[in-house]
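The structure appears right after this line, and notes come after that.
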Amino acid sequence: MALKSANNPQDILIESLDGIYLVDAGAGTGKTYSIVRRYGNLLDKKVKPEEILLITFSRNAAEQMKDEVITNLSGKISISRLLEAPIMTFHSFCSKVIKSAGTDSPLTMGINENISGNFDILEEKTIERELFRRFYFTFRKNNSKGFEEIFQSLENKIDDVLSMIKKLCSKGIFPGKKSWNESDLASLTGNFERFSEEFDRLNAPKPGKKKDVVNNDISISFKKLIREKLYLEIDESKIFNEHVLNPDSKEYIFFDDSQKNFIEFFRRVYISYIEFLLKKNMLNYEFLVMFAYISILKNQNFRKKIQYRYVMIDEFQDTDEIQFKLIMLLCKNINDTANLCVVGDWKQGIYGFRNTNIKNITDFSENLTAYKNELNSTEKIIEYDVTKHKRIIFENNYRSSKLILNFSKDTLLIKATKNEEPDSEFVKKFFENPLLPMRKLDDMTEINFYEAEDKSSEYNLLIQKISELVNENKKYKIREFDKDGNSIERNVRYSDICVLSRNRNFCLEFQREALKQDIPVNYSGGMEIFLSEQGILVNAWLKLLLNDRDISGWLPVLDKEGYAYSEINKFAEILVKESSGNTLYNSYPDEKLGNFLNHLKNNSSDIQFAAGTVLNRYGFDDAVSIKITEVISNWINSGLTSLSDIVRLIDNSSDDEFSIDYGDISDAVLTQTIHKSKGLEYPVVIIANMNVKVFPDTKGEQGVISFVDNAGLRLKTQFGFNGKYYYKFSNWHTDFTNAVLKQKDYDEERRLLYVAVTRAKQYLFFTSYSPSIFFTELSEKSGIRAENDFSYGVLPVKTAKISEAISIPKPHKKENQVKLVSVHSLMEKHEQDIAESFKSGNDFEFRKSLGSAEKGILIHRLAQKLAAGIEIESKLPEVNKIKKFLQGLNSSKLMSEVNIIYPKDNEVIRGTIDLLAFYEDKIVIYDYKTDESKNNLPKYKIQMNIYKECLQQIYADKPVECKIYFLTLDEFVDV
DNA sequence: GTTGGTTCACTTTTT
DNA sequence: GTGAACCAAC
C-alpha cells in the first residue's frame, strides 16, 4: 500500500470529515478500503455508529462493507453496535423509513390508503407484469370514456405503460390525485423554447456545401420519416421550404393537440396503479423509494429525526434523480453545512437503461443547487449551504499494468459509428490524466487483437487462446501481490481468465462450445430459463396436464422422445381433426408418455411436484432446473396458484431472464457480460464478440410511449380516421419533435468498454469475427495490428469429464423446433410479391388497405356472436348484412371462429376460420372482409386456399367450397 | 458528393 | 421497429 502522505488523495479523504465531498474514485483505486478507513476515523473522533449512514446500491456491496467495517474496526467499538449500524442498501433503508413513519404518506398524494407495516415488495419482473396486466384490463373497462383513442393507440403494449410509470417515478415525477403538480406537468409537456433553439441549429444549411440551399440532416430525416411511415393529417407544404425546413413551422410541429389528453390519461393510470398495489399491500422498488422520499419530505418532525450527522454514499454513479434528492434530505444541517460524502466513478456509469444518471456526478455542483431550490420552493427544507464542496480525485490504481491503464483512456475517446465523434472536451474536463499504476507489472503485460473468420471460429480461437495461456508457462505468468506489496509469480490458471461479452447469448454459446472440447468454463448471469430445453419441456408437460390434446404441448415432448418429423405430423393432424369438433382418437401417441401423463394427473393439484417430476424424468438436476422449480414455487407463493395461470405466465415470460450461476467447476474460466463484471478484476481479460451491431450496440429506443427531455411525454401512435378508414397511424408530431431533440449517443457504450478494459490486471485480448468500429479503432489507435492466423493446439482438461458434470443448455433460438406460424404471416411472405406489382401503381393505397383492421376486428367479433344466435343491436350496416346472410344459409350446422392447426412442409400453421357451414353434400368456408375494394383479393385467395386444403384433408368425404364475403361491397367471391 | 434503397442483427441488471 | 453499413444511381 502507498505510504501515508498529505498528498495522497485517499488520506485527504480519510481526514476530511466535515463538509460536502464528491470523490471521483476510478477503477481499482481502493474505494472500499478508503471508505472503511474513513469510517474508522469517524469512530476515533467519537462519532457513534448510529450517527453515520453508509449506503451502497447492491446487497453484496452492503454486506461486504459491513463485513469490512466489523473486521477492521471492531477494536474501536463493540461488534454488536457495529452490527446494528445503518450500513445498508438504498432500498432496505427506504423500506425501514416507510415502516417507521411513512405508512400514511399516500395521503399526501390524495390517496386514501395506508401502507401497512408488513407490505410485500414486488421483486420479480414477471409477477409485476402479470399484476399490471390484470390491473390494466380493469382500468381500461372503467376508463374507456374519453380515452378510447388512446387505448386503441396503445393497443396491447401494456408493458410499455408499466415501464414508463417506473421511469417517471425514478425521475421524481409523481402523480397527484386530481392533477400533476406544476413543474412535473411542465416537463411532461415539453419545452418549446428549447425545441425551437435546437430546430434552428439543426436547420442551418451545412457549411461547405456547393449549392446555396441544400438539404440538411434534419430535413433529410423528416423526409425519410414521411416516406417510411403512415401519418395522419400532416401538411407537408407547411413544413418543407425547398430543401431546408420552414422556420415558421416550429409551432405546427411541436404542439400536438392530443398530447394534453394523453398526459392526463397517464396520470390516471399511474395513480390508479399505485392505489391498486396499495390495496394489495404491495410496493414495487420505484414506489418504495417514492414513498420514502415523500414521507421524509412532507413530515418535518420525522425528517429531523431521521437525518444523520454523517452520510456516505457508495457507487454514486448508479443513483437516479429521485435518489439524489432523497440523499440531500437525509443530511443533518450542522453549522450551515452537511457532512455528505459521495463516492463514485462516472466512467463506470452503465445503467442508463435503469434511469441512472451520470450527471449526478459530472454536474454534481449544479444539481445540488438546483435540487435545493426545488426542495425549498414552498418551505425551507434544505438549510445547509450547498455551494461549498470539494472534489477529491483518486488516481492511484492498485490493479492494472501501466500499459492497460494508458490504453483504457482511449476507450472513452473512440468513435462508435463512422460519422460520430465522441465529446473529447467532456472527457478531458473530467478525466484529465490516466490513472497511475501502483503495481509493477510492466514486464508481464500484453494487449492483443485477434480476428477470426466466422462465429464458430471465434469460439475456437477463444478456446485455443485459453489453452495457450494456461500451457505456455514461459510466455504468460501471473504476479500476485500481498498486503505489503510483496509479490510472487506463478503460472496461469483457468480461473484467472474472464471472457466478457456485450450480450448474454455469446457467453452461453461460448460456454457450450468450450465444454464440448473439455475446456472448463463457468457462466454467471442472467438466462432465459424457459427457453432452455429444461424450461421448454416443463412448459410442455404443464400444458398437457391442462389439456392433453394441446398440440403445442405434444410437439416438444414427442420431439425429445425421438419421434420422426413425419410421425409428429401425423399426430398433429389427428389433433387438428379433433379440434373441429369430432373426437377421432382417444389415446395418447405413446403408451409410456401416456402413463407418465397419468402419473402427473394423479397429482395434478401440485404444480411444483409436476415440474420436479418432469425434470427428474429427463435427468436434469443442474442450475437451470433448480432455478425453474424455484421460480415456479415463487409464483405459486405470490398467489398465482392455478395451473392455467402458471402456463400462461411461462408463455408470457419466456424471454424474461433469471439470474443463475451455471457450472461450478472449481478451476474454470469465467464468462459473463460486461455489466455483470463491474466491480470485479481478473489477471486475464478477453473481450470477445467485438462484432458489428453487437458492440457498440446500435439498437434504438423502443416502446409506444416516449419521454424525451424537452419533448415531453408523447404517444408514438395515433388512432384516427383518414376519411376512409379507422387506423392506427404513426404520430408525426412525436417523430418529428424527437428527431430534433433526441440525439442518439454512444457515451454509455464507450463507458461499457472502459469498464471491460479496466477489469484486466495484466493481459487484455480482443476477439472478433466481423470487427466492429470499436475493435478497429482501438487496434488502430494503440498501433497493435490484429492477428488473423492465430492457432494453438487445445489441451483438454483430463482430470474431469466436464461436459458430463453439468448439462449443457440447448440453443435459445427456437430454430431447431417445429415452427408455429400464423396464416397471416404466410400471407405476408406473398405480400412482398404483391407489393412488387403495386410498385408501379400506388404503394400508398396498398398500405392503407392493410390498415382497416380495427373495424374488421369489431365486425368479426359481432359476427361470431350472431352465428352463436345472440341478438345484437348495431348501427353498423355490415352487421345487418351478416344477419340477413346467416338467416339465408340453410345449413345443417354452423361453426364460427374455428381454430385450425395444420402441419404443412416444415411448419405448423395456425389460423381462424370465420364461419363453417355444413351441408348434406358439401362444406363451405366463409370469410368476411371489410375492404372497400377487391385490391387484396389475390392475397385473400392464398389464405382461403390454405384453409381449404386443411379442411379438405379433415373432411375427405365431402367437397369443400370457399367463399369470400365482401361486406362493404355486399358481394361474394368464389375461390 | 449526395441521395435513396436494401440489408442486417437485435440489450444490459439491481433493488 | 430501428440505426448503421453498404451499394447503386445520379
Side-chain angles (χ1 to χ4, degrees), chain A residues 55-62 88-95 121-125 128 157 160 166 170 206 208-211 214-217 219-221 223-225 227-229 243 283-289 292 315 318-320 323 349-356 415-420 455 500-507 524-528 655-659 672-679 689 691-704 706 716-717 730 735 738-739 742-746 748-749 751-752 755-756 770-773 812-813 832 839:
Chain A
I55 296 275
T56 64
F57 195 76
S58 70
R59 285 181 193 148
N60 273 346
M88 55 179 97
T89 67
F90 215 95
H91 291 88
S92 50
F93 178 76
C94 289
S95 178
I121 296 175
L122 277 166
E123 293 194 21
E124 211 186 281
K125 198 167 80 179
E128 180 169 20
K157 308 281 169 52
D160 291 354
K166 286 162 170 269
S170 60
K206 264 193 197 167
K209 298 244 179 169
K210 282 177 196 161
K211 297 172 204 157
V214 286
N215 280 339
N216 50 31
D217 289 347
S219 69
I220 291 171
S221 55
K223 278 180 186 160
K224 200 177 169 202
L225 284 167
R227 209 169 47 239
E228 287 172 1
K229 295 200 170 178
H243 292 297
L283 288 178
N284 62 23
Y285 286 115
E286 287 77 12
F287 296 163
L288 181 73
V289 178
E315 303 284 3
D318 289 340
T319 50
D320 56 33
Q323 287 169 337
I350 53 173
Y351 288 107
F353 61 88
R354 213 187 56 203
N355 307 313
T356 63
K415 284 191 221 182
T417 73
K418 234 172 136 185
N419 300 314
E420 188 243 9
K455 200 172 186 177
L500 296 176
S501 158
R502 176 69 176 81
N503 58 17
R504 263 186 270 121
N505 271 357
F506 186 94
C507 297
S524 170
M527 188 178 168
E528 295 152 328
D655 50 2
D656 283 2
E657 67 287 337
F658 298 88
S659 185
Q672 58 189 172
T673 63
I674 300 170
H675 280 94
K676 189 83 186 175
S677 75
K678 210 186 109 194
N689 199 14
N691 296 313
V692 281
K693 288 162 191 169
V694 176
F695 192 32
D697 171 50
T698 61
K699 206 175 173 200
E701 254 185 36
Q702 43 193 29
V704 281
S706 104
K716 284 196 199 162
T717 53
S730 296
D735 284 353
N738 284 351
K742 192 176 86 185
Q743 57 278 61
K744 180 117 183 70
D745 90 59
Y746 288 93
E748 188 151 312
E749 292 296 306
R751 293 197 293 270
L752 206 44
V755 168
S770 153
S772 74
I773 192 149
H812 286 24
K813 302 245 163 94
Q832 288 186 0
K839 237 178 186 171

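Chain naming here is simple, since letters A, B, ... match the order of the sequence lines and numbering starts at 1 in each.
Considering only the side chain of R502(A), dT12(B) comes nearest among dT13(B), dT12(B), dC10(B). Here the side chain of H675(A) is nearest to one of dT15(B), dT13(B), dT3(B), namely dT13(B).
E420(A) has no carboxylate O lying under 4.0 Å from a charged side-chain N of K744(A), or vice versa, which leaves the two without a salt bridge. The pair E748(A)-R751(A) meets the salt-bridge criterion, since a charged nitrogen lies less than 4.0 angstrom from a carboxylate oxygen. In this structure, D318(A) pairs ionically with K678(A), as a charged nitrogen and a carboxylate oxygen lie closer than 4.0 Å.
A pairwise comparison of heavy atoms in T673(A) and N503(A) identifies CG2-C, 3.9 Å as the closest pair.
Using a 4.0 Å cut-off, some side-chain N or O of K676(A) falls inside it from OP1 or OP2 of dT14(B). Contact check, R504(A) against dT13(B): a side-chain N or O comes under 4.0 Å of OP1 or OP2.
Expressed to the nearest 0.5 Å, how far CZ of R354(A) lies from CG of D320(A) amounts to 8.0 Å.
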Under-3.5 Å N/O pairs linking protein and nucleotides 1-8 of chain C:
from, atom 1, to, atom 2, distance (Å)
dT2(C), OP1, K229(A), NZ, 3.2
dG3(C), O3', Y746(A), OH, 3.4
dA4(C), OP1, Y746(A), OH, 2.8
dA5(C), OP1, K418(A), N, 3.4

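Between the NZ atom of K125(A) and the P atom of dT11(B) there is a distance of 13 Å, given to the nearest Å. As a whole-Å value, the separation of E128(A) CD from dT13(B) C1' is 15 Å.
For D735(A), the salt bridge (charged side-chain N to carboxylate O under 4.0 Å, His left out) criterion is met by K229(A), not counting sequence neighbours.
Nucleic acid contact class of Y285(A) (heavy atoms, under 4.0 Å, all strands): base.
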